[in-house]
Student: 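One structure coming up, written as structure tokens, with questions to follow.
Counting starts at 1 for both ligands and their atoms, following the listed order. Below, each value reflects all heavy atoms present in this structure, side chains not excepted, and no hydrogens, waters or symmetry copies. Heads up: numbering here begins at 1 and tracks the sequence. Bear in mind the structure is a predicted one, so any value in this text is a computation, not a measurement.
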Amino acid sequence: MPEVEISALGARGDGIGDLDGRPVYVPYTLPGDRARIRIDGERQGAVQARLEALLAAGTDRVDAVCAHFGTCGGCLLQHVGAAAYRRWKTGLVADALARRGLGDVAVGGLVTTPPAGRRRARFAALRRAGGVVFGFNERRGRRIVDLGECHVLRPAIVDLLPPLRHLLGDLLPAGGAVDVQVTETDTGLDVWLCADRPLDLAALEALGAFAEARDLARLSWGAPSPEPVIVRRPPVVALSGVEVAIPPGAFLQASRAGETALCGLVGAALAAGRRVLDLFSGCGTFALAAPAAAWVTAVDADAGMVAALAAAARGRRLAVECRDLRRRPSPAAELDGFDAVVFDPPRAGAREQAGAIARSRVPAVVAVSCNPATFARDARILRDGGYRLDKVTPVDQFLWSQHLELVAVFTR
Ligand SMILES: C[S@@+](CC[C@H](N)C(=O)[O-])C[C@H]1O[C@@H](n2cnc3c(N)ncnc32)[C@H](O)[C@@H]1O
């Protein structure tokens with residue numbers, strides 16, 4: 001088995017070494033490590049390997065907090081000391097901007113969020129001969145790592161894992177697989193079993209008993225869309241103090257601390273706006289963070305989330321629209337009616353919408369993104385349209401993972 005010296009951390013969180021003149025990517029390593037590796041194969045011209053033995057540790061290496069670290073694909077960077085970790089996460093934004101010719105933009109200090117804060121997670125479960133395995137997939141694989149602990153998730157979600165495993169042992173056929181999404185809301189846990197099989201009476205009774213015993217707010221079943229099976233209390237989340245009854249499967253920012261940090265940054269940028277447009281609004285995280293005096297329009301393709309926001313904001317200066325912004329981006333002429341626009345697209349970014357914004361005269365544009373690469377692409381479009389971008393603030397709400405949230409304020 002070959003030995004390599006790790007010289008860098010790549011954008012996906014893998015250590016990078018040199019193998020006979022070719023880069024080799026080794027998860028769970030860091031610069032300064034010397035490692036014996038096993039070659040797994042090649043992907044897009046790069047050699048993929050796994051760590052077999054650590055022969056010498058880099059100076060930034062620290063002990064991981066979780067027993068599953070090294071196998072579970074949820075966390076890739078628990079072994080990196082705090083200072084190096086912050087440098088690497090901040091560098092993700094700086095590198096993405098530089099690749100789009102935006103290396104002059106200042107990247108602010110990393111806004112951190114604490115462990116045990118993640119309130120929304122999707123797990124994989126599989127019934128095998130020995131019982132149900134339940135957890136996250138391993139890095140680069142489809143094998144499920146059976147979670148006994150997790151230092152990222154909210155404790156109430158971790159506590160639910162053993163009973164969920166037990167429930168699925170009764171519900172799943174041999175070899176049966178299901179994804180399970182769990183969201184912690186202010187009124188209790190909202191659980192969605194993403195199964196595309198019909199429910200029989202026995203299963204329905206088992207789900208009812210489970211929801212009762214675990215005091216769930218709601219339990220839903222179905223794929224690709226969830227159907228509520230038991231609603232014991234409407235799952236409600238207060239967004240900037242406004243209680244929103246979220247639909248099953250709704251998007252929420254990953255942690256309450258992340259939401260607070262993002263709303264602080266977005267709210268400050270919107271402070272002068274009297275007419276605010278929130279694109280990709282979801283249930284209204286940013287629409288509801290706009291100044292109370294502002295007239296806000298919130299747009300999203302998900303009818304359930306738009307309806308939830310409309311119901312929660314009754315009596316406020318808020319209008320909603322259900323619209324596919326990729327196929328029908330809000331055009332420049334429409335955008336010109338607003339003082340400020342915030343857009344927070346999914347990971348693929350908002351190329352079409354960014355093009356329309358670039359052609360508009362909106363004085364302030366706030367971008368929120370969970371993908372520095374597509375953000376940088378869209379930022380380039382806005383810069384080419386004449387917008388200034390002075391600073392980007394990274395927000396680490398996906399602790400110890402390769403993912404990163406950010407907020408950027410554009411002006412003209
Ligand atoms: C990252 S979430 C942001 C939601 C919201 N801003 C928040 O912070 O809670 C992205 C949102 O984009 C919406 N979305 C995805 N594709 C869309 C499209 N083509 N047109 C409009 N909205 C879309 C999703 O429904 C989701 O609510």
Side-chain angles (χ1 to χ4, degrees), residues 111 113 118-122 181 183-186 190 192 224-226 235-267 269-270 276-290 296-310 312-313 318-331 334-335 340-357 365-375 378 393 395 397-398 403-408:
V111 177
T113 63
R118 187 148 182 173
R119 62 179 168 186
R120 204 169 67 93
R122 192 167 175 127
Q181 184 167 308
T183 303
E184 187 186 52
T185 75
D186 300 349
D190 187 16
W192 170 22
S225 307
V236 170
V237 176
L239 298 174
S240 296
V242 178
E243 293 194 338
V244 183
I246 61 168
F251 178 91
L252 286 179
Q253 293 295 339
S255 70
R256 181 61 91 175
E259 177 200 313
T260 303
L262 296 171
C263 284
L265 293 160
V266 172
L270 298 180
V276 172
L277 179 61
D278 179 9
L279 298 173
F280 306 94
S281 65
C283 293
T285 303
F286 303 125
L288 296 169
V296 182
T297 303
V299 185
D300 198 281
D302 187 292
M305 287 197 271
V306 165
L309 173 57
L318 191 139
V320 299
E321 187 187 350
C322 188
R323 176 171 180 160
D324 184 330
L325 292 164
R326 194 175 63 76
R327 288 204 269 160
R328 255 185 351 114
S330 186
E334 208 169 281
L335 297 167
V341 171
V342 49
F343 71 108
D344 177 21
R347 287 187 62 74
R351 189 201 307 259
E352 298 78 9
Q353 187 59 67
I357 297 173
V365 177
V366 187
V368 181
S369 169
C370 60
N371 184 342
T374 56
F375 160 74
D378 296 346
T393 306
V395 176
Q397 69 166 340
F398 303 107
H403 299 297
L404 182 64
E405 198 79 35
L406 63 85
V407 176

Student: For the pair D278 (side chain) and A298 (backbone), establish whether a donor and an acceptor sit closer than 3.5 Å, ignoring hydrogens and angles.
Tutor: no
Student: Does the pair R323/E334 count as a salt bridge with the N-to-O cut at 4.0 Å?
Tutor: yes
Student: Strictly under 4.0 Å, does any heavy atom of R323 approach an atom of ligand 1?
Tutor: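 Right, R323 reaches ligand 1.
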Student: In the protein, what heavy atom is nearest to atom 5 (C) of ligand 1, and what distance, to one decimal place, separates them?
Tutor: S281 O, 3.2 Å
Student: Just go through V368, D344, L325 and tell me whose heavy atom is the nearest to atom 20 (N) of ligand 1.
Tutor: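 Going through V368, D344, L325 one by one, L325 has the nearest heavy atom to atom 20 (N) of ligand 1.
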Student: Ignoring hydrogens, just give me the one of V299, I246, D324, V342 whose non-hydrogen atom is nearest atom 19 (N) of ligand 1.
Tutor: D324
Student: Hey, which atoms in ligand 1 end up nearer than 4.0 Å to a heavy atom of R326?
Tutor: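 Per the distance check, 19 (N).
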Student: Got a donor-acceptor contact below 3.5 angstrom from the R118 side chain to the Q397 backbone?
Tutor: no
Student: Tell me the protein heavy atom at minimum distance from atom 8 (O) of ligand 1, and give that distance in Å.
Tutor: Q253 NE2, 2.6 Å
Student: Can you pull out the closest protein heavy atom to atom 15 (C) of ligand 1? Residue, atom name and distance to 0.1 Å, please.
Tutor: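 Here the closest protein heavy atom is P346 CG, 3.5 Å.
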Student: Would you check, one step at a time, whether the test side chain to side chain contact (heavy atoms under 4.5 Å, CB included) holds for S240 with V242?
Tutor: CA-CA 6 Å; S240 296; V242 178; 5.5 Å; no
Student: Specify the protein heavy atom at minimum distance from atom 23 (C) of ligand 1: its residue, its atom name, and the distance to 0.1 Å.
Tutor: F280 CD2, 3.5 Å
Student: Short list, please: which atoms of ligand 1 are under 4.0 Å from a heavy atom of M305?
Tutor: 25 (O), 27 (O)
Student: At under 4.0 Å between heavy atoms, is it the side chain or the backbone of C370 that contacts ligand 1, or both, or neither?
Tutor: neither
Student: Measure from NZ or CZ of R326 to the centre of the six-membered ring of F280 and say whether it is under 6.0 Å with the direction within 45° of the ring axis.
Tutor: no
Student: Let me know which of D186, V244, D190 forms a side chain to side chain contact (heavy atoms under 4.5 Å, CB included) with P235.
Tutor: D190
Student: For a side chain to side chain contact (heavy atoms under 4.5 Å, CB included) check, start with the C-alpha distance between L309 and L288, then their side-chain angles and the critical distance, and finish with the verdict.
Tutor: CA-CA 9 Å; L309 173 57; L288 296 169; 3.9 Å; yes
Student: For atom 24 (C) of ligand 1, which candidate among D302, L309, V306, D300 provides the closest heavy atom?
Tutor: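 It is D300 whose heavy atom sits nearest to atom 24 (C) of ligand 1.
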Student: Considering both backbone and side-chain atoms of A301, is one of its nitrogen or oxygen atoms within less than 3.5 Å of a nitrogen or oxygen in ligand 1?
Tutor: yes
Student: Can you pull the side chain to side chain donor-acceptor pair (under 3.5 Å) pairs that have at least one residue in residues 346-355, sequence neighbours excluded?
Tutor: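 Output for this query lists R347-H403.
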Student: Would one find more than 12 heavy atoms of other residues, nucleotides or ligands at under 6.0 Å from atom CD of E243?
Tutor: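 No.
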Student: So which bit of C283 gets within less than 4.0 Å of ligand 1, heavy atoms only: side chain, backbone, both or neither?
Tutor: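 It is neither part, as no heavy atom is under 4.0 Å.
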Student: Is it the side chain (CB and beyond), the backbone, both or neither of R327 that lies under 4.0 Å from ligand 1, heavy atoms counted?
Tutor: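 The answer is neither.
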Student: Is there a side chain to side chain contact (heavy atoms under 4.5 Å, CB included) between F286 and L262 once you walk through the steps?
Tutor: CA-CA 8 Å; F286 303 125; L262 296 171; 3.9 Å; yes
Student: Provide, to 0.1 Å, the distance between atom 7 (C) of ligand 1 and the closest protein heavy atom, together with that atom's residue and name.
Tutor: T285 OG1, 3.2 Å
